[in-house]
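Because the structure is predicted, anything quoted here is derived from the model rather than measured.
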Amino acid sequence: VQLQASGGGLVQAGGSLRLSCTASGRTFSGYDVGWFRQAPGKEREFVAAINWNGGRVYYADSVKGRFTISRDNAKNTVYLQMNSLKPEDTAVYYCAADPRRTFTPSLVVRSAQYGYWGQGTQVTVSS
């Protein structure tokens, strides 16, 4: 499966963005999907994940209550709605997919869990 992340941009603190991760090549409904981000000079970190049918989600503490992950399998797309953005949310955001459907918090936060990655989309939040 090929993943395409989009929707990034420049926004002021307190603003909102919605990222999309669109899959092609295979049906997306067979994959758990995660969002990660990487800021300059920092390691890639987990943001949010959703299981294959949208019935389970998990968030990093840093985004809980501000970000919402969802999916529309008919459109082969997973979304990350980001509200109340902060300058520390500035990063390149990546989506990733895992076909094994082993959705547990201890696994979905690990980048090694995912075998397929999109190219990333830049999110910049100005103060």
Side-chain angles (χ1 to χ4, degrees):
V1 65
Q2 292 80 45
L3 305 179
Q4 177 79 33
S6 62
L10 173 64
V11 64
Q12 289 187 332
S16 298
L17 284 174
R18 188 177 78 160
L19 305 184
S20 299
C21 177
T22 302
S24 61
R26 302 189 73 170
T27 180
F28 214 12
S29 61
Y31 297 78
D32 296 338
V33 175
W35 284 97
F36 289 75
R37 66 187 182 187
Q38 188 166 19
K42 295 187 177 181
E43 293 188 353
R44 189 171 297 186
E45 66 173 358
F46 169 77
V47 176
I50 189 167
N51 79 323
W52 65 276
N53 68 358
R56 300 183 66 188
V57 297
Y58 189 71
Y59 298 95
D61 287 343
S62 59
V63 306
K64 201 173 295 182
R66 300 188 298 122
F67 291 11
T68 303
I69 190 170
S70 61
R71 69 190 300 160
D72 184 341
N73 284 339
K75 295 183 178 180
N76 266 5
T77 301
V78 170
Y79 304 99
L80 185 68
Q81 178 67 45
M82 306 186 296
N83 298 329
S84 301
L85 282 162
K86 304 175 181 179
E88 52 263 43
D89 295 318
T90 295
V92 177
Y93 283 71
Y94 300 88
C95 60
D98 173 20
R100 292 171 291 182
R101 302 191 186 183
T102 54
F103 192 93
T104 59
S106 62
L107 292 178
V108 299
V109 300
R110 299 170 58 187
S111 59
Q113 181 71 6
Y114 302 85
Y116 303 92
W117 289 82
Q119 86 290 357
T121 184
Q122 176 71 47
V123 172
T124 303
V125 184
S126 62
S127 57

Same apolar cluster (I L V M F W Y, side chains within < 4.5 Å links), [X]/[Y]:
X: V92; Y: F46; result: yes
X: V11; Y: V47; result: yes
X: L17; Y: V78; result: yes
X: V125; Y: Y93; result: yes
X: I69; Y: V123; result: yes

Residues M82, V63; criterion side chain to side chain contact (heavy atoms under 4.5 Å, CB included); working and verdict: CA-CA 8 Å; M82 306 186 296; V63 306; over 6 Å; no
Nearest-0.5 Å distance, [atom1] of residue [X] to [atom2] of residue [Y]:
X: N76; Y: R71; atom1: CG; atom2: CZ; answer: 9.0 Å
X: L85; Y: T124; atom1: CG; atom2: OG1; answer: 10.5 Å
X: R18; Y: T68; atom1: CZ; atom2: OG1; answer: 11.5 Å
X: T104; Y: R110; atom1: OG1; atom2: CZ; answer: 9.0 Å
X: Y58; Y: D32; atom1: OH; atom2: CG; answer: 14.5 Å
X: T22; Y: Q2; atom1: OG1; atom2: CD; answer: 12.5 Å

Determine the minimum heavy-atom distance between [X] and [Y], stating which atoms define it.
X: L80; Y: A48; result: CD1-CB, 4.1 Å
X: A49; Y: V108; result: CB-CB, 3.9 Å
X: D89; Y: S84; result: OD2-O, 4.4 Å
X: A91; Y: A39; result: CB-N, 3.8 Å
X: T121; Y: G7; result: OG1-N, 4.0 Å
X: T102; Y: L107; result: O-CD1, 3.5 Å

Between K64 and D61, is there a side-chain N and carboxylate O pair less than 4.0 Å apart?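 Salt bridge between K64 and D61, a charged N being under 4.0 Å from a carboxylate O: yes.
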So, do T77 and F28 sit near enough that their side-chain heavy atoms are less than 4.5 Å apart?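 The answer is no, as the side chains (C-beta and beyond) never meet within the 4.5 Å cut-off.
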Is the closest side-chain heavy-atom distance between L19 and R37 below 4.5 Å?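 They are not in contact (no side-chain heavy atoms under 4.5 Å apart), so the answer is no.
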For D98, give me all partners under salt bridge (charged side-chain N to carboxylate O under 4.0 Å, His left out), at least two apart in sequence or on another chain.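 Only R100 meet the salt bridge (charged side-chain N to carboxylate O under 4.0 Å, His left out) criterion with D98.
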Checking Y59 now: which residues fulfil ring-ring contact (aromatic ring centres under 6.0 Å, His included) with it, not counting sequence neighbours?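 For Y59, no residue satisfies ring-ring contact (aromatic ring centres under 6.0 Å, His included) once neighbours in sequence are set aside.
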Can N83 and S16 be counted as having a side-chain donor-acceptor contact under 3.5 angstrom?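 Distance-only check passes for N83 and S16.
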Any side-chain donor paired with an acceptor under 3.5 Å for S29 and T27?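 Distance-only check passes for S29 and T27.
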Give every residue pair that meets the ring pair (Phe, Tyr, Trp, His ring centres under 6.0 Å) criterion with at least one member in residues 94-127, sequence neighbours excluded.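 Pairs touching residues 94-127 that pass the test: Y31-Y116, F36-Y114, F36-W117.
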Between I50 and W35, does a side chain to side chain contact (heavy atoms under 4.5 Å, CB included) hold up when you go through it step by step? CA-CA 9 Å; I50 189 167; W35 284 97; over 6 Å; no
Is it true that a side-chain atom of Q119 and a backbone atom of A5 form a donor plus acceptor pair closer than 3.5 Å?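 Pair found, side chain donor or acceptor close to backbone of A5.
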Please report the C-alpha distance between L10 and Q122 in whole Å, then the side-chain angles of each, then the deciding distance to 0.1 Å, and finally whether the side chain to side chain contact (heavy atoms under 4.5 Å, CB included) criterion is met. CA-CA 8 Å; L10 173 64; Q122 176 71 47; over 6 Å; no
